[in-house]
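Here's the structure we're looking at; comments come further down.
Computed from a predicted model, the values in this text were never measured in an experiment.
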Amino acid sequence: MDYTPLMQEIGYMFKNVSLLEKALTHSSYANEGHGGEHYERLEFLGDSVLGFITARYLYEKDRGPEGELTKLRAAVVCEKALCSYSKQLGIGKYMRLGRGEQHSGGRERPSILADMYEAVLAAIYLDGGMEPAEQFVLRFIVPEAETQRRRHFKDYKTALQEIVQQNPGERLEYVLSGASGPDHNKTFVTEVHLNSNVIGVGRGRSKKESEQQAAREALKLMGYE
């Protein structure tokens, strides 16, 4: 089979194409007497590579606590998400399946599509190292993480404002107290003041994000988070 169109979709041209072929070979195909290895050992390795790349990305780009990072990581590497990544690449067309698996809808089976995404990742890692593997992962993880953030985002500033407004005369103010890092990777620090008293400090990749995090800290202090 010619895997060139798939490699173009993946964005990586294999030096050892047999690694990619192995990543696309289901055990049902290997067990029918065709010989060769199937994807499961690669999937085992790919799961760890995926976990590391995703964890590092979230650690560097997301200022949330450990619990939130864990939930976000789980959302972007769950079976449903990995299945969708495989479908975007068209991996189903290139699967090597046994006759029984093929006739029972194996090409569309979410568990197989998810596993093969991880197997392909491992094949890329073994063939070209961490850099192309990271590019392959981030291509899907970054937009999915943004989607998940928007889905679960809370407007902490509005929530804090509504609480404070219950007491006439109280005044909220957000004060940018610092910024660090190069222009393309700055971290902003904002304090939220209640009648000149600091009630929360937040950090973020933008001024708006740091204000939201400051409001969130204030809500925690007040027992609302």
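Linking ILVMFWY residues whenever their side-chain heavy atoms come closer than 4.5 Å, directly or via other members, places Leu50 and Leu89 in the same cluster. Hydrophobic clustering (side-chain heavy atoms under 4.5 Å, transitive across Ile, Leu, Val, Met, Phe, Trp, Tyr) groups Leu19 together with Met130. The same ILVMFWY cluster, assembled from side-chain heavy atoms under 4.5 Å apart, contains both Val77 and Leu138. Tracing side-chain contacts under 4.5 Å through hydrophobic residues (I, L, V, M, F, W, Y), one reaches Leu58 starting from Phe52; they form part of the same cluster. If you chain together hydrophobic residues whose side chains sit under 4.5 Å apart, Ile10 and Met13 fall into the same group.
Atoms OG and CD1, from Ser27 and Ile112 in turn, are 8.0 Å apart once rounded to the nearest 0.5 Å. Note that the NZ atom of Lys208 and the OG1 atom of Thr190 stand 12.5 Å from one another [nearest 0.5 Å]. Between the CG atom of Leu126 and the CZ atom of Phe14 there is a distance of 9.0 Å, given to the nearest 0.5 Å. Here CE of Met116 is found 12.0 Å from SG of Cys83. Values are rounded to the nearest 0.5 Å. Rounded to the nearest 0.5 Å, atoms NZ (Lys22) and OH (Tyr39) are 14.5 Å apart. Atoms CD and SG, from Glu144 and Cys78 in turn, are 7.5 Å apart once rounded to the nearest 0.5 Å.
Looking at every heavy atom in both residues, Met95 comes nearest to Gly106 through SD-O, 3.9 Å. Across all their heavy atoms, Pro5 and Tyr94 have their closest contact at CB-OH, 3.3 Å. Here the shortest heavy-atom pairing between Met222 and Leu160 reads SD-CD1, 3.7 Å. Nearest heavy atoms, Ser28 versus Glu101: OG-CB, 3.5 Å. The two residues Gly204 and Ser210 have their closest heavy-atom pair at N-CB, 3.7 Å. The shortest non-hydrogen separation linking Ala75 to Ala81 is O-CB, 3.7 Å.
Counting only heavy atoms from C-beta outward, the side chains of Ser104 and Arg109 approach each other to under 4.5 Å. Counting heavy atoms from C-beta on, the side chains of Ser111 and Glu79 come closer than 4.5 Å. At least one side-chain heavy atom of Lys87 sits less than 4.5 Å from a side-chain heavy atom of Glu108. Residues Tyr57 and Val137 fail the side-chain proximity criterion, which asks for heavy atoms closer than 4.5 Å. Annotation: side chain of Tyr174 is in contact with side chain of Val192 (closest heavy-atom distance under 4.5 Å). In this structure, the side chains of Phe44 and Glu40 stay at 4.5 Å or more apart for every pair of heavy atoms. In this structure, the side chains of Ile124 and Val49 stay at 4.5 Å or more apart for every pair of heavy atoms. Taking the side chain as every heavy atom from C-beta outward, Ile141 and Tyr85 approach each other to under 4.5 Å.
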Walk me through it: do Gln213 and Glu217 pass the test side chain to side chain donor-acceptor pair (under 3.5 Å)?
-> CA-CA 6 Å; Gln213 293 304 319; Glu217 288 303 309; over 6 Å; no
Side chain to side chain donor-acceptor pair (under 3.5 Å) between Thr70 and Glu66, intermediate numbers included | CA-CA 6 Å; Thr70 298; Glu66 181 272 338; 2.9 Å; yes
Given ring-ring contact (aromatic ring centres under 6.0 Å, His included), test Phe136 with Tyr117 step by step and report yes or no.
-> CA-CA 10 Å; Phe136 177 68; Tyr117 176 86; 4.9 Å; yes
Determine, stepwise, if the pair Leu172 / Leu194 fulfils side-chain contact (heavy atoms from CB on, under 4.5 Å).
-> CA-CA 5 Å; Leu172 274 180; Leu194 179 62; 4.2 Å; yes
Step by step, would you call Lys61 with Asn185 a side-chain contact (heavy atoms from CB on, under 4.5 Å)?
-> CA-CA 9 Å; Lys61 302 298 183 182; Asn185 192 28; 4.3 Å; yes
Please walk me through it: do Met1 and Arg96 pass side-chain contact (heavy atoms from CB on, under 4.5 Å)?
-> CA-CA 10 Å; Met1 180 179 290; Arg96 301 206 302 172; 5.6 Å; no
Take Leu45 and Glu118 through the test side-chain contact (heavy atoms from CB on, under 4.5 Å) and record every step on the way to the result.
-> CA-CA 8 Å; Leu45 175 61; Glu118 291 181 324; over 6 Å; no
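If you run side chain to side chain contact (heavy atoms under 4.5 Å, CB included) between Leu20 and each of Thr25, Leu42, Val120, only Val120 comes through.
More than 12 heavy atoms of other residues, nucleotides or ligands sit less than 6.0 Å from atom NZ of Lys186. Within a 6.0 Å radius of CD in Gln8, other residues, nucleotides and ligands contribute more than 12 heavy atoms. Counting non-hydrogen atoms of neighbouring residues, nucleotides and ligands closer than 6.0 angstrom, the NZ atom of Lys15 exceeds 12 such neighbours. A 6.0 Å sphere centred on CZ of Arg139 holds more than 12 heavy atoms belonging to other residues, nucleotides or ligands. Within 6.0 Å of CZ on Arg205 lie more than 12 heavy atoms contributed by other residues, nucleotides or ligands.
Between the side chain of Thr54 and the main chain of Gly51, no donor-acceptor pair closer than 3.5 Å is present. Remark: the backbone N or O of Asp127 is not paired with any side-chain donor or acceptor of Asn16 at under 3.5 angstrom. A distance-only check finds no donor-acceptor pair linking the side chain of Asn195 to the backbone of Glu170 [under 3.5 Å]. Judged purely by atom type and a 3.5 angstrom limit, Gln212 uses its side chain to pair as donor or acceptor with the backbone of Tyr156. For the pair Arg107 (side chain) and Gly92 (backbone), a donor-acceptor distance under 3.5 Å is present.
In this structure, Leu176 shares a hydrophobic cluster with Phe188, the cluster being traced through Ile, Leu, Val, Met, Phe, Trp and Tyr side chains under 4.5 angstrom apart.
Remark: Glu209 pairs with no residue by the salt bridge (charged side-chain N to carboxylate O under 4.0 Å, His left out) rule, at least two apart or across chains.
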